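The structure displayed is predicted, hence computed values, not measured ones. Because only heavy atoms are used, hydrogens play no part in the values below, and waters and symmetry mates are left out as well, while side chains stay in. Remember, it's 1-based here, ligands and their atoms both numbered in the order they're listed.
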Amino acid sequence: MSKRLVVQKFGGSSVADSEKIKNVAERIASYKNHRQDVVAVVSARGDTTDELEQLALEITNDPPEREMDMLMATGEQISCALLAMAVKKIGYDAISFTGSQVGIKTDRTHTKARILSIDARRIRKALSENKIVIVAGFQGTTHDDEITTLGRGGSDLTAVALAKALNADVCEIYTDVKGIYTTDPRTVPEAKKINSITFDEMLEMASLGAQVMQARSIEVAKKYNIPIHVRSTFSKEEGTMIVKGSDKMESISVRGVTCNKSEAKITICDVPDRPGVAAKIFTEISKAGINVDTIVQNVSHTKQTDISFTVPKLSLNKALRIVRGIAKKINAGNVLFDNNIARVSIVGSGMRSHHGIAAKMFRVLAENKVNIEMISTSEISISCLINRKLTGKAVKALHKRFNLDKVA
Ligand code: ADP
Ligand code: ASP
Ligand code: MG
């Protein structure tokens, strides 16, 4: 019988210092003791990635993306080398690799590259030599050997992609909380751990701000049907299984509440109301590689209209430069922006078949005197843009009203 293969990912807080790295080494070794092969993906220690980004911003407020990737990829290289040392120290053979060394090839989109292929031969060879393989997460290289990173939280994607490439039996994501909760347990102590959640729900929660899993990693897991076990590095307790849907899960209307404070709103005033204008604006923005989210255009009574939309805060300056240029060309009015917004969302597959959920959400916000600036919906989520200062209040009220503090 062939040995089971486990792909595990340890997040930044799990390897923040040498004691924690030793704890992770013990955890990995316990799998080896049960005759399982282990490939461990590691993130940068603690806040290293944020610190590196900050360092770059102290040098220039517009760092070249290629150099950002050179810089950011170093964080993971440090932790994977240290973890390999810690595993060897307790008597097991281990070897660390960068993304490039294990053949993770990506496209050229620096800072948010997509994985194109993985040549897993080197990992397989090391496993066949009975080594524990430790891989630096969040990174790869292009076909012309440029280092790329996979977007924030990208070590999750490395783990899921390796689980697929190696046909692993299990993919475990170890983090600092005990699994996926009904909302961020660090901000709402009443949040409850969810035993099992669908790929679709997790994808929606991740896209709408639950940073516990990177959204793109869930897309890949869904595409290849790779179940993921999210659990704590600091406890043996079972965590949350992210799996394909089941009928029972679909019957629950709201499974979680999320918030996202990383967007900014841009409004172009007095836009001439004629065909082709929106196409022109959004084509230019997308050419610059900026992801636009919610878009609202008012009904025009005067042959002029306002268009508002959200962009990632980090892209705000770039977006404003582009939009101001276009506004001039098309004879639009002022371009305004708002940095003080947040998106609060409710997510649940059951929304497909339950009515009145949106109305209930708006009522809860109104009762709490939270003004809604924009609304967007998908089949399984409803999001409202609100004043950032009111985020905590809104999330807590929604969590309570949808009885999420009571679910098992
Ligand atoms: P790691 O370094 O392990 O990748 P992250 O900081 O990326 O960890 O993600 C874990 C954090 O995600 C938790 O500490 C928690 O505060 C936050 N989080 C946000 N929403 C949720 C949620 N719904 N369930 C669990 N954790 C959440
Ligand atoms: N270190 C990277 C980040 O902080 C990747 C990761 O943690 O998954 O985003
Ligand atoms: Mg993470």
Original post:
Do we see a donor-acceptor contact under 3.5 Å between the side chains of Q77 and T74?
Top reply: no

Subject >> Salt bridge flag under 4.0 Å for residues D93 and K32 >> reply: no

**OP:** Looking only at distances, please establish whether an N/O atom of ligand 1 is found under 3.5 Å from an N/O atom of T182.
**Re:** no

**OP:** Look at atom 21 (C) of ligand 1 and say which protein heavy atom is nearest, naming residue and atom and giving the distance to 0.1 Å.
**Re:** D184 CA, 3.7 Å

Original post:
Tell me: protein heavy atom nearest atom 7 (O) of ligand 1, and distance?
Top reply: Q211 O, 3.4 Å

Subject >> Closest contact, heavy atoms only, T294 versus S376 >> reply: OG1-OG, 3.4 Å

Original post:
Under 3.5 Å, N or O to N or O, is D176 touching ligand 1 that way?
Top reply: yes

**OP:** Provide, to 0.1 Å, the distance between atom 25 (C) of ligand 1 and the closest protein heavy atom, together with that atom's residue and name.
**Re:** G179 O, 3.3 Å

Original post:
Just which atoms of ligand 1 are under 4.0 Å from any heavy atom in V177?
Top reply: 13 (C), 14 (O), 25 (C), 26 (N)

Subject >> Minimum-distance protein heavy atom relative to atom 2 (O) of ligand 1 >> reply: G12 N, 3.0 Å

Original post:
Would you say S155 and ligand 2 have an N/O pair spaced under 3.5 Å apart?
Top reply: yes

Original post:
Please state which protein non-hydrogen atom is closest to atom 7 (O) of ligand 2 and give its distance, to 0.1 Å?
Top reply: S43 OG, 3.2 Å

Original post:
When you measure from atom 9 (O) of ligand 1 to every protein heavy atom, which one gives the shortest distance, and what is it?
Top reply: V212 CA, 3.4 Å

Subject >> Protein heavy atom at shortest distance from atom 4 (O) of ligand 2 >> reply: R152 NH2, 2.9 Å

Subject >> T267, D293, V323 screened by side chain to side chain contact (heavy atoms under 4.5 Å, CB included) with F309, the one that passes >> reply: V323

Subject >> With sequence neighbours excluded, residues passing side chain to side chain contact (heavy atoms under 4.5 Å, CB included) with K89 >> reply: none

Original post:
Is the backbone of F138 close enough, under 3.5 Å, to the side chain of T158 for a donor and an acceptor to pair up by distance?
Top reply: yes

**OP:** Determine whether any heavy atom of G137 lies closer than 4.0 Å to an atom of ligand 2.
**Re:** no

Original post:
How close does the nearest protein non-hydrogen atom get to atom 4 (O) of ligand 1, and which residue and atom is it?
Top reply: K9 NZ, 2.9 Å

Subject >> Within-shell test, Q214 vs ligand 2, heavy atom, strictly < 4.0 Å >> reply: no

Subject >> Lys/Arg N to Asp/Glu carboxylate O, R216 vs D156, below 4.0 Å >> reply: no

Original post:
atom 3 (O) of ligand 1: which protein heavy atom is closest, and how many Å away?
Top reply: T175 OG1, 2.7 Å

Original post:
For atom 24 (N) of ligand 1, what's the nearest protein heavy atom and its distance?
Top reply: Y181 N, 2.9 Å

Subject >> Min heavy-atom dist S14 to ligand 1 below 4.0 Å >> reply: no

Original post:
Does an N or O anywhere in G153 fall below 3.5 Å from an N or O of ligand 2?
Top reply: yes

Original post:
Taking all non-hydrogen atoms of both residues, which atom of I173 and which atom of A159 are closest, and how far apart?
Top reply: CD1-CB, 4.1 Å

